[in-house]
Every structure is written in C-alpha cells, then in structure tokens.
Amino acid sequence: MTTHTEAPINPQQQALEDELVATVVASFDAAPNPRLKEVMQSLTRHLHAFIRDVRLTEAEWNTAIEFLTAVGHITDDKRQEFVLLSDVLGASMQTIAVNNQAHKGATDATVFGPFFVEDAPEIPLGGDIAGGASGQPCWVEGTVTDTDGKPVPGARIEVWECDEDGYYDVQYTDERVAGRAHLFTNDQGQYRFWGLTPVPYPIPHDGPVGKMLESVGRSPVRAAHLHFMVTADGLRPLVTHIFVDGDPQIDIGDSVFGVKESLIKEFAVQAPGSPTPDGRSLGDRTWARARFDIVLAPAGV
Ligand code: BEZ
Ligand code: FE
C-alpha cells in the first residue's frame with residue numbers, strides 16, 4: 001500500500017497557494033452581512049488549510065464530491081444523511097458544546113438525533129411511554145430544578161427511546177407510536193414514568209455514512225441511551241440523554257460522541273417479583289430503575 005510522502009513545498013509553490021487563499025478570502029470582503037462574511041472567510045481558510053495539509057489529490061477530491069452527492073441523494077424529509085454525517089464527525093457535538101456553555105451545575109446537553117417526533121402522546125406522572133414497545137420495564141424518576149436548586153413546576157419533558165431490538169417506532173412502517181411521550185413536572189418539580197431499559201443500537205448505516213464508517217473501521221453503534229428534551233419558561237431548553245452505567249459500548253465508543261460522564265446513570269436491575277414504586281405488577285419479570293435530576297440553566301446563557 002502506498003502512503004502519502006511529504007515532498008517539501010518550495011517557496012514559489014507556497015506563495016501561489018497563499019495567494020489563492022488570500023484572493024478567495026478577499027472575495028467575501030464586501031458581504032453585506034458581517035456574520036456571513038466572518039463564517040465564509042473562516043471556512044475558506046480552514047478548507048484550504050485542510051487541502052494543503054493532506055495535499056489532497058484530484059482523485060480524492062472526486063471521491064469527496066461523489067460521497068457528498070450520495071449523501072444528498074439519500075436525504076429526504078424522513079432521512080437526513082447530512083446530519084448523520086455531522087454526527088459521526090463530532091461536528092454536532094462540537095456545535096452543541098459551543099452553544100450550551102457550562103453554567104453552574106446545569107445538566108449537560110448532548111446530540112438530538114433523528115428520531116424525535118412532535119406531538120408524542122402526553123402521559124400522567126407515573127405513566128408508561130412504552131406504548132407496546134418491547135423491552136425491560138424501567139422506572140425513571142427525578143426532579144427539574146434551576147441552577148439555584150429551585151424546583152421547576154410545569155416543565156415539559158419529552159422522552160423517546162428505541163425498543164429492545166434497537167429500533168425507534170418511526171423506523172417501522174406501520175405508523176406505530178411507541179417508546180415516546182411527554183409529561184410535565186408537578187408542583188415540586190418532580191417527574192416519574194415507566195420507560196424501557198435502554199439498549200445499544202446502530203445509527204442508520206445502510207447509506208454513504210455507514211459505508212464511510214466501515215471503510216475506516218468504525219462501529220455505527222450508539223451507547224444505550226434514553227433521550228430527554230426539557231423546556232420551561234425562562235430557562236435554557238435542554239436536549240440530552242442518559243446512558244447506562246456498565247454498558248460496554250461506552251468504552252468501545254459511541255458512534256456520535258454523545259457520551260458525557262455526567263450523563264451516565266445507574267440503571268439498577270430489580271429481581272423478579274420485587275415491589276415496584278407504584279404498585280404495578282410485573283409478574284416474574286425483572287425491571288430496572290434510574291434517577292436523573294435535571295438542572296436547567298437560565299435562558300440566554
Ligand atoms: C439517536 O440517538 O437517536 C441518534 C443520534 C445521532 C444519529 C443517529 C441516531
Ligand atoms: Fe437515540
């Protein structure tokens with residue numbers, strides 16, 4: 001196998017390449033929107049730096065164009081391969097980091113993913129989000145507070161997750177609504193619901209992004225998780241998930257880099273027949289329980 005050898009770049013060639021960068025950067029000088037100008041000029045500098053850094057061949061440039069074309073072709077209103085690409089490159093998580101700055105003890109945000117659906121059913125406190133999805137029942141409870149520790153009543157909590165086979169409801173063709181719901185915190189800022197113990201599953205990998213992961217020897221599998229989106233008046237919206245302590249995929253690596261230490265929670269498995277928090281009878285099934293106390297930053301930080 002041939003590898004790239006670093007031929008020294010002579011000063012005349014360097015000057016030519018520098019001049020092209022400067023010319024392209026200057027082509028944005030008159031952009032009426034200063035933010036657009038800043039973004040395009042920075043993009044130009046970084047893109048040219050990348051091309052020069054790897055001494056991109058024309059064949060590689062062609063491959064990149066073909067790859068991006070394939071990403072476009074598979075994208076429609078149900079499948080967003082560009083977002084998936086951003087996810088596996090860590091660009092989604094970096095954008096989230098930049099836009100959800102650490103603030104006192106506010107809960108960390110993580111990647112949104114493609115499987116959120118508006119208008120998921122409302123459940124009462126202690127209700128069940130499964131809607132027929134298969135998996136080990138899991139009692140999830142916690143509080144929503146602000147960064148001063150004050151409970152947040154009426155916070156809207158959206159939760160969604162895959163079934164034990166690793167599929168979200170929207171990945172089935174039968175229009176089922178399962179493994180998702182929303183609920184509201186009570187006057188003490190508390191919430192609780194029955195969900196399913198999360199399992200690891202692969203991101204959609206039958207397209208160009210999956211092919212790219214395979215080419216570089218990366219797994220498409222995500223660490224097991226349960227998605228949350230929490231909104232409340234005057235507070236910064238939070239999109240996050242919780243991960244399962246002990247899930248081997250956390251060490252193997254999450255394909256979209258979504259894991260944060262603070263979001264790894266104990267999902268304590270309970271023996272068959274052990275009493276449930278709300279008296280629900282689960283016969284001889286095991287079940288699990290997890291606690292997730294959510295802290296929302298003030299809006300605008
Ligand atoms: C998800 O967790 O649902 C997800 C996130 C990023 C890409 C694909 C799926
Ligand atoms: Fe997910």
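Whatever order the structure lists them in is the order used to number ligands and atoms, beginning at 1.
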Could you tell me if any non-hydrogen atom of F112 lies under 4.0 Å from any atom of ligand 1?
-> no

Between NE2 of H227 and NE2 of H225, what angle is found at the Fe ion (ligand 2), rounded to 10 degrees?
-> 90°

Do H225 and ligand 1 have an N or O pair less than 3.5 Å apart?
-> yes

Taking only heavy atoms of F115 into account, list the atoms of ligand 1 that are under 4.0 Å away from them.
-> 3 (O), 9 (C)

hydrophobic_cluster_shared for F115 and V177, side chain cutoff 4.5 Å = no

Check each atom of ligand 1 against the heavy atoms of L84 and keep those under 4.0 Å away; list them by number with element.
-> 7 (C), 8 (C)

Are any of the heavy atoms in Y201 under 4.0 Å away from ligand 1?
-> yes

Can a salt bridge be assigned to the pair D128 and R280 using a cut-off of 4.0 Å between side-chain N and carboxylate O?
-> yes

Which of the ligand 1 atoms, numbered from 1, are nearer than 4.0 Å to a heavy atom of V256 | 6 (C), 7 (C)

Under 4.0 Å from a heavy atom of P114: give me the atoms of ligand 1 that qualify, with their elements.
-> 3 (O), 4 (C), 5 (C), 7 (C), 8 (C), 9 (C)

Residue, atom and distance of the protein heavy atom nearest atom 5 (C) of ligand 1 read G113 CA, 3.3 Å

Whether W287 side chain and S274 backbone form a donor-acceptor pair below 3.5 Å | yes

Modelled atom types, side-chain donor and acceptor of T57 and E60, under 3.5 Å | yes

Pair Y191 and F184, ring centroids less than 6.0 Å apart | no

If you measure from CZ on F228 to CG on L238, what distance do you get to the nearest 0.5 Å?
-> 9.5 Å

Of the protein's non-hydrogen atoms, which lies at the shortest distance from atom 7 (C) of ligand 1, and what is that distance?
-> D87 OD2, 3.2 Å

Hey, does H241 sit under 4.0 Å from ligand 1 if you only count heavy atoms?
-> no

